[in-house]
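Take a look at the structure set out below.
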Amino acid sequence: MMQVPIITLDSILLLLAIGVLLWGFERYRSRFVKSDLFAAVIFASGLLAMAFAPGLFGVLGGALDIQQRPLVMSMAANLGLLTFLLYVSSVVQNVRGDLSELTRNLVVDDAPMTDGGRESIYVVIPAYNEAETIKSVVQSLPDRVRGHYIQPVVVSDGSADNTAERARYNGTIVVEHPLNQGQGGALKTGFEIAQRDGAAVVVTMDGDGQHPVEELDRLVSPIIDGEADYVMGSRHIGQDESGNSIVRQSGIRFFTVLINVLTKADITDCTNGYRAIRGSELDELTLTEERFSAPELIIEARKNGLRIKELPIMIKERQAGETKKPQIGYAVGLTRAILISWLR
């Protein structure tokens, strides 16, 4: 006679916890409502504690006994120290954020105004020590694309060379950050200038010559034609001549899959900086990341329901200089940016 397996209470609680977590995950990546995810995590944690650590509840209750006062005092002291450290870290981050925002506001206020912003395509180019290439990048931009005037905006992000001076060509808006704020901070400054002038479309491209201007027409056309709000270039369905190592290429693919899983997106190149955004949609995006901005932009676009389209493009090798991406901590920084943007 075949013996029927006995389903224990622990197994039932484990299955329930997994089911609750999957429900919360699916709800969040579909609707981005944090309360659903947090409620699922808390409820599932309680179920798992009941299944695998039932004695925990007795320990917590006994910790309040007068005989356990040294233990309680030690736990309270450690908790207080952790809380204080987190508070100090939060204060430092807030001060840095306020200083960066003040700097951007001053820079934007000093930037020259242009005519016809609502019929213009603003090409925002963050540049850090790109004196060798920035002039050729600006000079290569056409005057018009699809009947829209091209307005270059170069944000020299605390450059120690003459990047800003070499970028001043044929009406280019050039602004300078007195201190380096990272690519994300430079993009935010450029976005604010474009928003101030009412730009129809905002394009971002690098100042090192890796993004060919020949792709500009295809990049902005889906927005001009009303087919998309956010257009991304992809080297993985296009042509990659950047010279990235196998390790970096594998990392980009991993983080792309992670973003797709977390947000139900369908992209192939999450770190590509060659993109076009409908100008009126920039107000909807909450942008706080100063270093690893590419994943944040994608996640914010998904959260706010922007129509995302990806196009194959070619990424060239740098014309001169060296990459500004950090060699150490790049993967950690991308992971942090993705998770914070997703949970925010």
Side chain to side chain contact (heavy atoms under 4.5 Å, CB included) against [X], all qualifying residues, sequence neighbours excluded:
{"X": "S341", "answer": "E296, I299, R344"}
{"X": "T335", "answer": "F255, L339"}
{"X": "F43", "answer": "V20, L47"}

Side-chain ([X]) to main-chain ([Y]) donor-acceptor, under 3.5 angstrom:
{"X": "N129", "Y": "A160", "value": "yes"}
{"X": "D161", "Y": "A131", "value": "yes"}
{"X": "R196", "Y": "V108", "value": "yes"}

Please find the pair of heavy atoms, one from [X] and one from [Y], that lie closest to each other, and give the distance.
{"X": "R144", "Y": "Y149", "answer": "NH1-N, 3.8 Å"}
{"X": "L334", "Y": "P295", "answer": "CD2-CG, 3.5 Å"}
{"X": "I252", "Y": "C270", "answer": "O-SG, 4.0 Å"}

Spacing of [atom1] belonging to [X] relative to [atom2] belonging to [Y], to within rounding of 0.5 Å:
{"X": "I308", "Y": "I298", "atom1": "CD1", "atom2": "CD1", "value": "7.5 Å"}
{"X": "E290", "Y": "K188", "atom1": "CD", "atom2": "NZ", "value": "5.0 Å"}
{"X": "T189", "Y": "E176", "atom1": "OG1", "atom2": "CD", "value": "12.0 Å"}

